Amino acid sequence: MEKLSIDQVVAKLIQGIENKTLANAEGKLPSERELLGLYPISRYTLRQALNQLSKMGWIYQMQGRGSYVRGQNNHSTLIDQGDLGSNEDLTRGEKNIQTVHYTKRIITYGEALFLPSQKQFGPEQTFIELKRYRTLDNKPYLIDHSYYIPEVVGDISDAMVRGSMFEALEKEKQLQVGFIDKFIQSDALTATQAEFFRLEEGMPTLTVRDDSYLRNGELLAFSKIYYDYRLATLYMHKKLVK
């Protein structure tokens with residue numbers, strides 16, 4: 001039987017992921033040995049195909065544990081990567097973003113107001129809940145409501161909360177974010193949120209849901225970021241496979 005090319009293997013693996021016939025209930029793909037038994041391919045071709053799927057955002061690979069499906073990906077196979085950014089990324093430090101107020105506490109699983117899209121937790125799980133109210137050039141800009149996994153990040157100092165959390169985690173704890181899944185939606189402002197943005201309760205807010213993972217695929221944190229729609233600018237950058 002003629003061996004499949006890398007592109008053919010990628011197409012077959014994507015088909016299996018979309019049909020939900022390839023991964024198990026936890027989203028784990030079969031082992032390398034099992035995949036080699038499913039398709040007429042070499043080990044080199046399989047590894048190249050898995051690496052390509054990882055770059056395309058279909059899977060993430062955990063050393064010593066295998067490959068896992070990354071959520072529900074409906075992208076065309078031509079899309080290699082997409083990065084969603086906001087005002088903070090566009091200004092490259094030219095504007096002044098500050099945390100003017102925050103709260104921090106340990107909560108139980110049942111107290112969380114939202115959960116990540118893929119990861120499941122047991123009822124005994126706890127989270128570090130952060131709520132940060134941030135300004136852009138001294139104007140109310142965003143409210144960051146995040147839950148961090150304490151087993152991953154350890155203690156979070158007040159100094160870390162005031163600046164960029166990811167930069168602080170990388171510098172102080174050597175934790176590097178590998179990828180972030182983002183979901184954009186529109187919500188209505190609560191009374192507390194509206195007071196911060198100096199808007200009326202029930203008015204719209206642009207909301208970005210973040211699930212942040214380390215480079216090894218381990219969930220680090222999940223968040224909801226509420227933007228003042230009058231100031232927020234979001235953009236998408238995509239790299240296309242030639």
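All figures in this text were calculated on a predicted structure; none of them were measured in a lab.
- No more than 12 heavy atoms of other residues, nucleotides or ligands sit less than 6.0 Å from atom CD of Q15.
- Cluster membership for Y147 and Y226, using ILVMFWY side-chain heavy atoms within less than 4.5 angstrom, is not shared.
- To the nearest 0.5 Å, atom CZ of residue F166 and atom CE of residue M160 are 11.0 Å apart.
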Determine, stepwise, if the pair L130 / M165 fulfils side-chain contact (heavy atoms from CB on, under 4.5 Å). CA-CA 11 Å; L130 293 182; M165 281 295 301; 4.2 Å; yes
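- In this structure, L38 is a member of the same hydrophobic cluster as I14, with clusters built from ILVMFWY side-chain heavy atoms closer than 4.5 Å.
- Atom CD of E32 is surrounded by more than 12 heavy atoms from other residues, nucleotides or ligands within 6.0 Å.
- The shortest distance between side-chain heavy atoms of Y229 and S186 does not fall below 4.5 Å.
- The aromatic rings of F127 and Y109 sit tilted relative to each other, their planes meeting at an angle between 30° and 60°.
- Residues P150 and Q125 share a closest heavy-atom pair of CD-NE2, 4.2 Å.
- Shown here is E200, whose CD atom has no more than 12 heavy atoms of other residues, nucleotides or ligands within 6.0 Å.
- When the shell of 6.0 Å around NZ of K119 is examined, it contains 12 or fewer heavy atoms from other residues, nucleotides or ligands.
- No side-chain donor-acceptor contact under 3.5 Å links D210 to the backbone of K182.
- Side-chain contact between Y102 and R162: present, with at least one pair of heavy atoms (C-beta onward) separated by less than 4.5 Å.
- Note: the hydrophobic cluster containing V100 does not contain I225 (ILVMFWY, side chain heavy atoms under 4.5 Å, direct or indirect links).
- Taking 4.5 Å as the limit, some side-chain heavy atom of E129 sits within range of a side-chain heavy atom of H145.
- Residues L13 and L35 form a side-chain contact, since some pair of their non-hydrogen atoms from C-beta on lies under 4.5 Å apart.
- Taking CG from L142 and NZ from K224, the interatomic distance works out to 15.0 Å, rounded to the nearest 0.5 Å.
- Between F196 and Y133, the ring planes lie perpendicular to each other; the angle is over 60°, past the 30° to 60° tilted range.
- Minimum interatomic distance between A49 and V9 (heavy atoms only, all atoms of both residues): CB-CG1, 3.6 Å.
- Atom CD in Q120 sits 12.5 Å away from atom CG in L219 (nearest 0.5 Å).
- Within a 6.0 Å radius of CG in D155, no more than 12 heavy atoms belonging to other residues, nucleotides or ligands are found.
- Two residues are said to be in side-chain contact when any heavy atoms from C-beta on lie closer than 4.5 Å; L22 and K12 fail this criterion.
- Tracing side-chain contacts under 4.5 Å through hydrophobic residues (I, L, V, M, F, W, Y), one never reaches Y141 starting from I143; they form parts of separate clusters.
- Residues P140 and D228 share a closest heavy-atom pair of O-OD2, 3.8 Å.
- The shortest side-chain heavy-atom distance between I41 and K3 does not fall under the 4.5 Å cut-off.
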K104 and D158: salt bridge (charged side-chain N to carboxylate O under 4.0 Å, His left out), yes or no, with the steps? CA-CA 9 Å; K104 179 180 64 172; D158 292 343; 3.2 Å; yes
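- Atom CZ of residue F114 and atom CZ of residue R209 lie 6.0 Å apart, to the nearest 0.5 angstrom.
- Note that CZ of R230 is 13.5 Å distant from CG of L206, once rounded to the nearest 0.5 Å.
- Side chains of L220 and L169 form a contact here, defined as non-hydrogen atoms less than 4.5 Å apart.
- Note on V152: it clusters hydrophobically with I107, by side-chain heavy-atom contacts below 4.5 Å among ILVMFWY residues.
- For the residue pair I149 and A221, the shortest heavy atom distance occurs at CG1-N, 4.4 Å.
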Check the pair E170 / V177 against side-chain contact (heavy atoms from CB on, under 4.5 Å), numbers first and verdict last. CA-CA 8 Å; E170 181 176 353; V177 176; over 6 Å; no
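- In this structure a side-chain-to-backbone donor-acceptor pair under 3.5 Å is missing from R43 to L36.
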Does the side-chain contact (heavy atoms from CB on, under 4.5 Å) test come out yes or no for T45 and L4, once each step is laid out? CA-CA 8 Å; T45 298; L4 300 177; 5.7 Å; no
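- Contact detail for L189 and F197: the closest heavy-atom pair is CD2-CD1, 3.7 Å.
- Side-chain contact annotation: S146 with D144, donor-acceptor N/O pair under 3.5 Å present.
- Here L50 contributes atom CG and W58 contributes atom CH2; the two are 14.0 Å apart, rounded to the nearest 0.5 Å.
- For the pair I128 and I106, the minimum side-chain heavy-atom distance is below 4.5 Å.
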